[in-house]
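Below, all heavy atoms of this structure are taken into account, side chains as well, without hydrogens, waters or symmetry copies. Because the structure is a prediction, the values reported are computed rather than measured.
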Amino acid sequence: MFRFIHAADIHLDSPLRGLESYPDAPVEQIRGAARRAFDNLVSLAIDEGAAFVLLAGDLFDGDWKDYNTGLYFTHRMGRLREAGIRVFLIAGNHDAASSLTRALGLPDNVTIFSHRKPVTRTLDELGVAIHGQSFAGRSVTEDLSRAYPQALPGLCNIGLLHTSLTGRAGHEPYAPCTLEGLASKGYDYWALGHVHQGEVVQTHPWVVFSGNIQARHIREAGAKGCRLVTVEDGRITDAEFRCLDVLRFALCRVDLAPCERIEAVADRVREAMERERRDAEGRPVALRVVLEGRSALHEELHRLEERLRDDFRIMAADLGDVWLEKLRIATKPLASDAAPDADSPLGGLVQAIAQLRLDASPLTEMVPEFEALRSKLPAELLGDADPFGPDGEGLAMLRDEVRDLLLSRLQEGA
């Protein structure tokens, strides 16, 4: 019996992507989070006596600002070498974009798979064959898995691949492949990277996205880490998730349906914040608070949004190790609320807003510069959470928020 670690999407020294502009943002904690999470990965491998570590792409985040990133990684590989742990890695789309990565000198316990074709490395003492291929460039649209060799008989076969599989929301469709295609190779375990949400896609054979080891923004909420995989008698018996993150992002949804007075909102939000803080098990938490549910306070919440945001920021700071990343009011009025008369100015406004057809096409036609700016954003920020995506759902949500805000402000001044 032996164990190995499957991790991916480290994104060492990834930029903060504008988080400095948020009030009270724990900038220094976020800036160093990827390194500290990777230190946790190295320590886990040593403590568990892992036979080897697999890194399924996007170790780096494009070109480094200087060689400190590469020196840091080389030093950590040296720690694993001293512990007798080998490392096998493939370059993902972010790694392939870096000229510095290609020039990096690494200890002899590290194997980087070629980008020209799939290569197999066998570990005879363990009865293991590892198959892998790196990305040759930032954008790989063909199915790399097709060229992978068939499983070597009598060995535990592992495929190392950076891929979108059949497609995952929020991720570019790089190196797409199918479960049927992966299964046809006869491997015991497919160690996948590229998708930042961890997922055991199936277990016969094992097809697993380890997810990234450290979240970088709210769209990567939840625990992050790696898989500690157990092999017994040449068979994969378990792929246990292990947390590695040092800073947790959390989407904190608060149902305000039971609240009849505005004073009760703060109590429910505090309870939710405390729950997320407990779940983080001592890690600092960046929270996005979403107020939702049908509420008699719907209009009042919109009127008091700025004050509530400040109150919740103070509340988060008072709890310690909690930061309010954003407040979003997504409540709905009670069904019994009377709609404005259709012939009144308010009724006309509601009808006009409801008739708006919002999708990405007319918006970019009206403001061409908008699409030019949007195209410069990183792919991970343009996924299913992109409010201006082609499905238009985000724009519809914004339309409803604008309607509610206008109605509350107009009625307040009436």
J.: What is the minimum heavy-atom distance between Val53 and Ile85, and which atoms define it?
T.: CG2-CG2, 4.0 Å
J.: Which heavy-atom pair separates Val285 from Arg277 by the least distance, and what is that distance?
T.: CG2-CA, 4.2 Å
J.: Do side-chain atoms of Thr163 reach the backbone of Ala175 as a donor and acceptor pair under 3.5 angstrom?
T.: yes
J.: Distance check, rounded to the nearest 0.5 Å: Glu48 atom CD versus Thr230 atom OG1?
T.: 8.5 Å
J.: Less than 4.0 angstrom from a charged side-chain N to a carboxylate O is my criterion; do Arg309 and Glu305 meet it?
T.: yes
J.: If I compare all heavy atoms of Val265 with all of Phe312, which pair ends up nearest, and what's the gap?
T.: CG1-CZ, 4.1 Å
J.: Do Leu55 and Leu41 touch side chain to side chain, with heavy atoms closer than 4.5 Å?
T.: yes
J.: With the side chain counted from C-beta on, respond yes when Ile236 and Cys156 share a heavy-atom pair under 4.5 Å apart, and no when they do not.
T.: yes
J.: Less than 4.5 Å apart, side chain to side chain, heavy atoms only: is that true for Tyr189 and Val229?
T.: yes
J.: Enter the distance from Trp206:CH2 to Leu192:CG here, rounded to the nearest 0.5 Å.
T.: 13.0 Å
J.: Quick one: does NZ or CZ of Arg35 land under 6.0 Å from the six-membered ring centre of Tyr72, within 45 degrees of the ring axis?
T.: yes
J.: With sequence neighbours excluded, give me every side chain to side chain donor-acceptor pair (under 3.5 Å) pair touching residues 124-134.
T.: Thr120-His131, His131-Asn157
J.: What residues, two or more places apart in sequence or in another chain, satisfy ring-ring contact (aromatic ring centres under 6.0 Å, His included) together with Tyr148?
T.: Trp190
J.: I'd like to check the salt bridge (Lys or Arg N to Asp or Glu O under 4.0 Å) partners of Glu240; sequence neighbours left out, ordered by chain and number.
T.: Arg242
J.: Are the charged groups of Arg283 and Glu281 less than 4.0 angstrom apart, N to O?
T.: yes
J.: Check whether any side-chain heavy atom of Phe249 sits under 4.5 Å from a side-chain heavy atom of Glu220, and report yes or no.
T.: no
J.: Does the pair Arg307/Asp310 count as a salt bridge with the N-to-O cut at 4.0 Å?
T.: no
J.: Taking Leu244's backbone N and O only, do any of them form a donor-acceptor pair with Asn40's side chain (distance below 3.5 Å, no angle check)?
T.: yes
J.: My understanding is that only residues two or more places apart in sequence, or in another chain, count here; which of them pass side-chain hydrogen bond (donor to acceptor under 3.5 Å, both in side chains) with Ser145?
T.: Asp143
J.: Less than 4.5 Å apart, side chain to side chain, heavy atoms only: is that true for Val231 and Met1?
T.: no
J.: Measure the spacing between CD of Glu263 and CG of Leu297 and express it to the nearest 0.5 Å.
T.: 9.0 Å
J.: Output yes when a side-chain donor or acceptor of Arg36 lies under 3.5 Å from a complementary backbone atom of Val246, and no otherwise.
T.: no
J.: Other residues, nucleotides and ligands only: do more than 12 of their heavy atoms fall within 6.0 Å of CD on Glu142?
T.: yes
J.: Please list, chain by chain and in numerical order, all residues satisfying salt bridge (Lys or Arg N to Asp or Glu O under 4.0 Å) with Arg121, sequence neighbours excluded.
T.: none
J.: Ring centres under 6.0 Å, that's the criterion: do His11 and His196 meet it?
T.: yes
J.: Let's go through His162 and Phe135 carefully: what are the C-alpha distance in whole Å and the side-chain angles of both, what is the deciding distance for ring pair (Phe, Tyr, Trp, His ring centres under 6.0 Å) to 0.1 Å, and is it a yes or a no?
T.: CA-CA 8 Å; His162 199 74; Phe135 272 32; 5.3 Å; yes
J.: Please report the shortest heavy-atom distance between Cys252 and Leu287, naming the atom on each side.
T.: CB-CD2, 4.1 Å
J.: Could you walk me through whether Ile112 and Leu106 pass the side chain to side chain contact (heavy atoms under 4.5 Å, CB included) check?
T.: CA-CA 9 Å; Ile112 302 179; Leu106 292 170; 3.5 Å; yes
J.: If you take the centroid of each ring, where Trp contributes its six-membered ring, are Tyr174 and His194 closer together than 6.0 Å?
T.: yes
J.: Scan side-chain atoms only and decide if His298 and Thr331 contain a donor-acceptor pair under the 3.5 Å cut-off.
T.: yes
J.: Between Cys177 and Leu182, is the side chain to side chain contact (heavy atoms under 4.5 Å, CB included) condition met? List the steps.
T.: CA-CA 8 Å; Cys177 59; Leu182 297 183; 4.0 Å; yes
J.: Please report, to 0.1 Å, the donor-acceptor pairs under 3.5 Å made by any side chain of residues 267-276, with sequence neighbours excluded.
T.:
{"unit_1": "Arg268", "atom_1": "NE", "unit_2": "Asp255", "atom_2": "O", "d": "2.8"}
{"unit_1": "Arg268", "atom_1": "NH2", "unit_2": "Asp255", "atom_2": "O", "d": "3.2"}

J.: Could you tell me which residues satisfy side-chain hydrogen bond (donor to acceptor under 3.5 Å, both in side chains) with Arg146, sequence neighbours excluded, listed by chain and number?
T.: none
J.: The criterion is side-chain hydrogen bond (donor to acceptor under 3.5 Å, both in side chains); which residues satisfy it with Thr178, sequence neighbours excluded?
T.: none
J.: Distance from Thr69 atom OG1 to Asp13 atom CG, nearest 0.5 Å?
T.: 3.5 Å
J.: Any salt bridge linking Asp108 with Arg81? Criterion: basic side-chain nitrogen under 4.0 Å from a carboxylate oxygen.
T.: yes
J.: Hey, does Val290 have a side-chain heavy atom less than 4.5 Å from the side chain of Leu251?
T.: yes
J.: For the residue pair Phe88 and Phe113, what are the closest heavy atoms and their distance?
T.: CB-CE1, 3.8 Å
J.: How long is the straight-line distance from CD of Glu325 back to CZ of Arg328, given to the nearest 0.5 Å?
T.: 12.0 Å
J.: Is any side-chain heavy atom of Leu165 less than 4.5 Å from a side-chain heavy atom of Pro176?
T.: no
J.: For Glu306, check salt bridge (Lys or Arg N to Asp or Glu O under 4.0 Å) against everything at least two apart and list the hits.
T.: none
J.: Please check: side-chain N/O of Gln202 versus main-chain N/O of His204, any donor-acceptor pairing under 3.5 Å?
T.: yes
J.: Of all residues at least two apart in sequence or in a different chain, which pass the side-chain hydrogen bond (donor to acceptor under 3.5 Å, both in side chains) check with Arg248?
T.: Asp245
J.: According to ring pair (Phe, Tyr, Trp, His ring centres under 6.0 Å), does anything in residues 25-51 pair up with another residue at least two apart or in another chain? List the pairs.
T.: Phe38-Phe73
J.: I'd like to know whether Leu301 forms a side chain to side chain contact (heavy atoms under 4.5 Å, CB included) with Ile262, so could you lay out the CA-CA distance, the side-chain angles of the two residues, the decisive distance to 0.1 Å, and finally the verdict.
T.: CA-CA 8 Å; Leu301 290 168; Ile262 197 69; 3.7 Å; yes
J.: Do you know the tightest heavy-atom contact between Ile5 and Cys226?
T.: CG2-SG, 4.0 Å
J.: Tell me, do Leu327 and Leu308 make a side-chain contact under 4.5 Å, heavy atoms counted?
T.: yes
J.: Applying salt bridge (Lys or Arg N to Asp or Glu O under 4.0 Å), name anything that partners Glu82, two or more places apart in sequence or on another chain.
T.: none
J.: When rounded to the nearest 0.5 angstrom, what distance separates CD1 in Ile10 from CD in Gln214?
T.: 10.5 Å
J.: Mind running side chain to side chain contact (heavy atoms under 4.5 Å, CB included) on Phe4 and Leu54 for me, showing each step along the way?
T.: CA-CA 8 Å; Phe4 68 87; Leu54 303 178; 3.7 Å; yes
